[in-house]
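To find a chain, count down the sequence lines: A is the first, B the second, and so on, and within it residues start at 1.
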Amino acid sequence: MLRLTRPKTATLIFSSGKMVCTGAKSEAEVQKAVKSIIKLLKAHGIDIKNEPVIEVQNIVASANLKASVDLERAAFLLENSMYEPEQFPGLIYRMQDPKVVLLIFSSGKVVCTGAKKEEEVKRAVEKIYNILKEQGVLVEEE
Amino acid sequence: RLRKWQVRARAQSSMERNLAQAVIELERLGAQLGLPKAVLDRALDIYKSALDSNLVRGRSIESVMAAAVYAACREMRLPRTLDEIALYTRAGRKDVARCYRLLLREASLKVPLPNAADFVPRIGSLLRLSGATIKRAMEIIDQARNAGLTAGKDPAGLAAAAIYIAALQNGEMRTQKEVARAAKVTEVTVRNRYKELVKKLDIKLPVSKK
DNA sequence: ACTTTACTTTAGAAAGC
DNA sequence: GCTTTAAAAAGTAAAGT
């Protein structure tokens, strides 16, 4: 299990040849990182013949709803949610459709994680925005 | 048929053994935390339902019981922070928190949201404050809630700041350090909450120093 | 008091314990 | 189940000026 950093990524390399690359901001960055790691390994006498198969496993994204959220009411109205301000300031919402988890803050900022496609992130963020709006827990400002 | 009976008996006795040890654990926790019997009874009920949902399998009786006690305290609006309870258990607060989340999800337990006002009486009595000051602190918390200043904030920190302000206004001044210690939060948190409350609720303070 | 660093929460994969 | 890796959010904490 080794660890390298290059285009701002960290990669775990296993003896099976499989790797886990984290920290990249785009799929293109992952490609670059993997290629440079392979180059590095070859330079150290480790031969890699096959081309790498890259799969995106998780996307972490942040969004801004541009409106504050009444977390207390949201926690009461949303079924798959958990809000424990004593332990974490955000409301944790488990969405089933795009199967993602959203961390919703009173500031209106949101973190979306668990998605494998960018499109799922967009869909999830638009969806909670509408859900929160319909529940009347969004306080539009600005 | 005899086999079936034996299986059932075995399962029942292991459950009884588990429950017996859980009760010992509950009594120990209850004594150390100074909890009333009603809370302990409720905690035992929660533990029993957790046992029935097989969620105690694979984890320590200690952490599940600690989580049940925490849930019972919240249900009965008797403030005890998770860290406080975890202090008396061998398992760390991370484990207790995990068991608590398990109770919420798997045992479909519904626990009311923590309210900062629930922490006021205990902090107030620790600081020997008057009933009037305690009432005033609760009013401040109500105002803060209506102004939307409580979202995401630690209830204990808010309660501490409200008490600090109320005490100042009623001439029963306590230092931020004293209030912080009683509320089990840091001075910095009391200061941050206090500043925000004074500014956003435009609370006027008597002869202030700074 | 201010700043910096760090920890809380979420998801996912890898291989081994 | 646990471990390791990264990143964001906002709150709290601790340590160093």
Less than 4.0 angstrom from a charged side-chain N to a carboxylate O is my criterion; do [X] and [Y] meet it?
{"X": "A:Asp97", "Y": "A:Lys127", "answer": "yes"}
{"X": "B:Arg28", "Y": "B:Glu62", "answer": "yes"}
{"X": "A:Arg123", "Y": "A:Glu119", "answer": "yes"}

Taking any atom closer than 4.0 angstrom to a non-hydrogen atom of chain A, what span of DNA chain D does the protein reach, first nucleotide to last? D:dT4 to D:dG11
Taking the six-membered ring for Trp, is the centroid-to-centroid distance between A:Phe88 and A:Phe105 below 6.0 Å? yes
N/O-N/O pairs, protein side and nucleotides 7-9 of chain C side, under 3.5 Å:
from	atom 1	to	atom 2	distance (Å)
C:dT8	O3'	B:Arg93	NH2	3.3
C:dT9	OP1	B:Arg101	NH2	3.0

If you assign B:Asp95 and A:Val20 each to the DNA chain D nucleotide with the nearest heavy atom, which residue ends up on the more 5' nucleotide?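 Per heavy-atom nearest nucleotide, the more 5' residue is B:Asp95.
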Mapping A:Lys8 and B:Gly152 to their closest nucleotides on DNA chain D, which lands nearer the 5' end? A:Lys8
Contacts under 3.5 angstrom, residues 46-53 of chain A side chains, donor-acceptor by atom type, not counting sequence neighbours:
none

How about [atom1] on [X], more than 12 heavy atoms from neighbouring residues, nucleotides or ligands closer than 6.0 Å, or not?
{"X": "A:Phe14", "atom1": "CZ", "answer": "yes"}
{"X": "A:Glu27", "atom1": "CD", "answer": "no"}
{"X": "B:Gln21", "atom1": "CD", "answer": "no"}
{"X": "B:Gln6", "atom1": "CD", "answer": "yes"}

Would you check, one step at a time, whether the test side chain to side chain contact (heavy atoms under 4.5 Å, CB included) holds for B:Glu106 with B:Ser53? CA-CA 7 Å; B:Glu106 316 309 319; B:Ser53 309; 5.5 Å; no
Show, in sequence, the C-alpha distance, side-chain angles and deciding distance for A:Val121 and A:Val100, and conclude whether the side chain to side chain contact (heavy atoms under 4.5 Å, CB included) test is met. CA-CA 8 Å; A:Val121 176; A:Val100 301; over 6 Å; no
By ring pair (Phe, Tyr, Trp, His ring centres under 6.0 Å) - contacts of B:Tyr70 (at least two apart):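 Ring pair (Phe, Tyr, Trp, His ring centres under 6.0 Å) list for B:Tyr70, sorted by chain: B:Tyr100.
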Whether the side chain of B:Asn146 engages the backbone of B:Asp142 through a donor-acceptor N/O pair (distance < 3.5 Å, no angle test) should be reported.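 Here the side-chain-to-backbone pair exists.
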Does anything in [range] reach DNA chain C, meaning a heavy atom under 4.0 Å, and if so which residues?
{"range": "residues 108-116 of chain A", "result": "A:Thr113, A:Gly114, A:Lys116"}
{"range": "residues 26-47 of chain A", "result": "none"}
{"range": "residues 48-56 of chain A", "result": "none"}

5'-to-3' dot-bracket of DNA chain D (Watson-Crick, G-U; under 3.5 angstrom; crossing pairs as [ ]; | other strand): |||||..||||||||||
Which residues share a side-chain hydrogen bond (donor to acceptor under 3.5 Å, both in side chains) with A:Arg73, sequence neighbours left out: A:Asp70
Side chain to side chain contact (heavy atoms under 4.5 Å, CB included) between B:Glu75 and B:Ile46, intermediate numbers included: CA-CA 11 Å; B:Glu75 271 191 15; B:Ile46 294 172; 4.2 Å; yes
Report the C-alpha separation of B:Arg193 and B:Glu196 in whole Å, then their side-chain angles, then the decisive distance to 0.1 Å, and conclude whether the salt bridge (charged side-chain N to carboxylate O under 4.0 Å, His left out) test is met. CA-CA 5 Å; B:Arg193 292 302 124 240; B:Glu196 183 179 43; 2.7 Å; yes
Are any protein N/O atoms closer than 3.5 Å to N/O atoms in nucleotides 15-17 of chain C? If there are, list each pair with its distance.
from	atom 1	to	atom 2	distance (Å)
C:dA15	OP1	A:Ser16	OG	2.7

Determine the contact category for A:Arg3: base if any of its heavy atoms lies under 4.0 Å from a base atom, sugar-phosphate if only primed atoms, P, OP1 or OP2 are that close, otherwise nothing.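 Touches sugar-phosphate only.
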Please work out if B:Arg57 contacts a base, only the sugar-phosphate, or nothing of the nucleic acid, heavy-atom cut-off 4.0 Å.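 Counting heavy atoms under 4.0 Å across all strands, no contact is made by B:Arg57.
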Taking only distance into account, with no hydrogens and no angle test, what donor-acceptor pairs under 3.5 Å do side-chain atoms of residues 124-136 of chain B form with protein atoms, sequence neighbours excluded?
from	atom 1	to	atom 2	distance (Å)
B:Ser125	OG	B:Pro121	O	3.4
B:Ser125	OG	B:Arg122	O	3.1
B:Ser130	OG	B:Thr133	N	3.3
B:Ser130	OG	B:Thr133	OG1	3.1
B:Ser130	OG	B:Glu172	OE1	2.8
B:Ser130	OG	B:Glu172	OE2	3.3
B:Thr133	OG1	B:Asn170	ND2	3.0
B:Thr133	OG1	B:Glu172	OE1	2.1
B:Arg136	NE	B:Gln169	OE1	2.7
B:Arg136	NH1	B:Glu139	OE1	3.0
B:Arg136	NH2	B:Gln169	OE1	3.4

Report, one line per pair, each donor and acceptor closer than 3.5 Å where one atom sits in a side chain of residues 197-204 of chain B; sequence neighbours left out.
none

